There are 2 protein chains.
Amino acid sequence: MAEHEESRCENCIIRELNSLKALKKEELKAISDSKITRRIKKGEALFQEGEKLGGVFCVRNGVSKLSKISDNGKDQIVKIASKGEVMGQRSVISEEATNLSAVALNDMEVCFIPKNNIIERIQDNPAFTQAILKHMAQELKIADDFIVNMAQKTVNQRLAEILLYLNTTFGTDEEGYLALILSRADIADVVGTATELCIRTLAKLKKQGLIETKGKRIKILDRSGLQQLKDGF
Amino acid sequence: MAEHEESRCENCIIRELNSLKALKKEELKAISDSKITRRIKKGEALFQEGEKLGGVFCVRNGVSKLSKISDNGKDQIVKIASKGEVMGQRSVISEEATNLSAVALNDMEVCFIPKNNIIERIQDNPAFTQAILKHMAQELKIADDFIVNMAQKTVNQRLAEILLYLNTTFGTDEEGYLALILSRADIADVVGTATELCIRTLAKLKKQGLIETKGKRIKILDRSGLQQLKDGF
DNA sequence: GATAAAAGATGACTTTTGTCAGTTGCCCAA
DNA sequence: TTGGGCAACTGACAAAAGTCATCTTTTATC
């Protein structure tokens, strides 16, 4: 059966968003022949903390949370990955079990690329390796900023920040509500707090006229107000 | 004037500790010819947040803190770098100003390697690039763990953890006190709390017989007790 | 559309953490 | 040796965050 044109890596526009764009046409063809496209339903796991990954996942559609359970038993979301992002790179590169779990936040379509394809490319295509290196350097910087935020900011500030992040990263729907809908529990897991406090803090923002809610959906009314809050008034 | 043998990178044992070990002899010679050895006194800065770094720093001796000021004006230490570690890699690789400041915690001796040396090596020595890549993957994992700790653990737990870390990483002096002596303010900046709470929490550990203090020096009396505390009793 | 299950929301309370104002003690330099 | 300055420490209080119990609303499913 003939494959659709866009299901071949060489033609896939997603690749432009990540390190795979450094690959040559014939390399992409090889990857395309061994990759597996999978559909993941909302709530399903792509992989679990501690698993040895057989390859990386390239997100074609949908959004996934990457989280880790702390010793205290609470889940902390460290990243939200969406279209174009590659998950599991770290684990494949360091040849260790992954330290994070990935769970779909909505229905997803991902390409699974067996790790040999990646490792061989790293060994023989310096441009590719450098692209990944630059990307990792960027991620490391983001991680440092995250650490500082978690350590030094209040729940208030962190919540304001994540609302702004969701807005700029995923945009809004026709009615102006944040396009990516997270449960209160997931928002709390990003902010690093209890669900109750997250809900309470959202209620406070609502009372201050900074946001509006409708069910679990959230609309930002005062961007610069949130920005100020984020920076500590 | 003839240089001492051990001041040449080719002969430097420090290199065995980091990615530079992936370099060939002639590459090391080139680096050695352009590198500058510097002495930094305790309290002096190697570089400041926001600076464009002209190269990387390889620590030969001494210890440095890497920190970042949060929007709230508080300093957060994200890493403690010691012998063998390379600082400033991220900034050089991503060609951006550094996001961290580096300040010496005791007298240091570092080698400054101009960035061209690093960038050229990344472009023409795949083994070197891969070594850095693996190292960064490792750092990223550590950063994720740090995030989860900051987000989900109490000051108590984080303090216990850092005491154990100081013990395993830097060891103890003849009397059994932690060999790396940090001010209470610095410990607080690692833990991500106020100096007063850090002091109070140390006093509590002392009362529980887990540690002993003498001036600013700290001795661990009950390793497994601290371990338990770290994991939440 | 009824109903059960899940998620959201709120109140009351406890614990943890932060802040401010001060005291003590130590080290170093005049 | 003395005294100024800084770091360590303490107390009292305020603010932030966590917890538990309960209730309401939404969502999913038959």
Side-chain angles (χ1 to χ4, degrees), chain A residues 41-43 65 70-76 103 105-107 149-162 177-178 181-208 211-219 229-230 232-233, chain B residues 41-43 70-76 103 105-106 149-160 162 177-178 181-207 211-219 229-230 232-233:
Chain A
K41 282 211 209 75
K42 177 176 176 175
K65 62 177 172 181
S70 84
D71 295 334
N72 300 3
K74 290 185 218 151
D75 212 35
Q76 175 66 41
V103 172
L105 290 171
N106 45 39
D107 291 351
N149 278 343
M150 296 313 289
Q152 304 287 2
K153 295 196 172 176
T154 64
V155 167
N156 244 296
Q157 294 180 293
R158 300 194 315 256
L159 182 61
E161 181 152 26
I162 201 219
Y177 289 92
L178 293 177
I181 298 170
L182 296 178
S183 71
R184 299 295 191 255
D186 278 338
I187 297 175
D189 286 351
V190 179
V191 171
T193 189
T195 309
E196 297 94 318
L197 183 55
C198 173
I199 290 171
R200 260 185 256 276
T201 310
L202 281 171
K204 205 166 64 186
L205 297 185
K206 207 163 137 182
K207 205 171 285 170
Q208 294 175 282
I211 62 167
E212 184 187 306
T213 63
K214 193 175 181 183
K216 57 183 356 186
R217 297 192 302 156
I218 297 168
K219 186 193 282 184
L229 210 100
K230 180 197 119 180
F233 328 176
Chain B
K41 282 211 209 75
K42 178 176 174 175
S70 83
D71 295 335
N72 301 2
K74 289 185 216 149
D75 214 32
Q76 175 65 40
V103 172
L105 289 172
N106 45 37
N149 279 343
M150 298 313 289
Q152 304 286 0
K153 295 197 173 175
T154 64
V155 168
N156 245 296
Q157 295 181 294
R158 296 188 325 247
L159 182 61
I162 199 214
Y177 289 93
L178 293 177
I181 298 170
L182 296 179
S183 71
R184 299 296 190 256
D186 277 338
I187 297 176
D189 286 351
V190 180
V191 172
T193 189
T195 309
E196 296 95 319
L197 184 54
C198 174
I199 290 171
R200 259 185 257 277
T201 310
L202 280 171
K204 205 166 65 186
L205 298 185
K206 206 162 138 184
K207 205 169 286 171
I211 63 167
E212 187 187 305
T213 64
K214 193 176 182 181
K216 57 185 353 187
R217 296 191 304 154
I218 298 169
K219 186 194 284 184
L229 211 99
K230 180 197 120 180
F233 323 179

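Just so it is clear, the model here is predicted, and its values are computed rather than measured. Chain A is the first sequence line, chain B the second, and so forth, proteins listed ahead of strands; every chain is numbered from 1.
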How long is the line joining [atom1] of [X] and [atom2] of [N], in whole Å?
{"X": "I199(B)", "N": "dT10(D)", "atom1": "CD1", "atom2": "C1'", "value": "9 Å"}
{"X": "R184(A)", "N": "dG18(D)", "atom1": "CZ", "atom2": "P", "value": "18 Å"}
{"X": "L159(B)", "N": "dG18(C)", "atom1": "CG", "atom2": "P", "value": "13 Å"}
{"X": "L202(A)", "N": "dG8(C)", "atom1": "CG", "atom2": "P", "value": "10 Å"}
{"X": "Q152(A)", "N": "dA16(D)", "atom1": "CD", "atom2": "P", "value": "16 Å"}
{"X": "R217(A)", "N": "dT25(D)", "atom1": "CZ", "atom2": "P", "value": "18 Å"}
{"X": "Q157(B)", "N": "dA17(D)", "atom1": "CD", "atom2": "P", "value": "17 Å"}
{"X": "L197(B)", "N": "dT15(C)", "atom1": "CG", "atom2": "C1'", "value": "12 Å"}

Checklist entry - OP1, OP2 of dA6(C) versus side-chain N and O of S183(A): anything below 4.0 Å? => result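 Negative; the distance criterion is not met.
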Checklist entry - So, is T195(A) close to the dG8(C) phosphate, meaning a side-chain N or O under 4.0 Å from OP1 or OP2? => result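 For T195(A), the contact criterion (side-chain N or O under 4.0 Å from OP1 or OP2 of dG8(C)) is not met.
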Next on the checklist: If you assign A151(A) and L182(A) each to the DNA chain C nucleotide with the nearest heavy atom, which residue ends up on the more 5' nucleotide?
Outcome noted: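 Its nucleotide being nearer the 5' end, the pick is L182(A).
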Item to check | Check: K216(B) main-chain N/O paired with R184(B) side-chain donor or acceptor under 3.5 Å | outcome: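 Between the backbone of K216(B) and the side chain of R184(B) there is a qualifying donor-acceptor contact (under 3.5 Å).
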Next on the checklist: Checking the side chain of Q152(A) only, and the main-chain atoms of D75(B) only, is there a donor and an acceptor separated by less than 3.5 Å?
Outcome noted: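 The answer is yes, because a donor-acceptor pair under 3.5 Å joins these two groups.
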Next on the checklist: Using every non-hydrogen atom in the two residues, find where C198(B) and I187(B) come nearest and quote the distance to one decimal.
Outcome noted: SG-CG2, 3.7 Å
Next on the checklist: Please find the pair of heavy atoms, one from N149(B) and one from R158(B), that lie closest to each other, and give the distance.
Outcome noted: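 So the two residues come closest at O-CD, 3.4 Å.
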Item to check | Options dA7(C), dA8(D), dT10(D), nucleotide nearest the side-chain atoms of K216(B) | outcome: dA8(D)
Item to check | Base of dC20(D) paired with side chain of E196(A) (donor-acceptor, under 3.5 Å) | outcome: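 Such a pair exists between side chain and base.
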Checklist entry - Ignoring hydrogens and angles, does a donor from either the side chain of R200(B) or the base of dT19(C) sit under 3.5 Å from an acceptor on the other? => result yes
Checklist entry - When all nucleic acid strands are considered with a 4.0 Å heavy-atom cut-off, which category describes K74(B): base, sugar-phosphate, or nothing? => result sugar-phosphate
Item to check | Euclidean distance, I162(B) CD1 relative to L182(B) CG, rounded to 0.5 Å | outcome: 6.0 Å
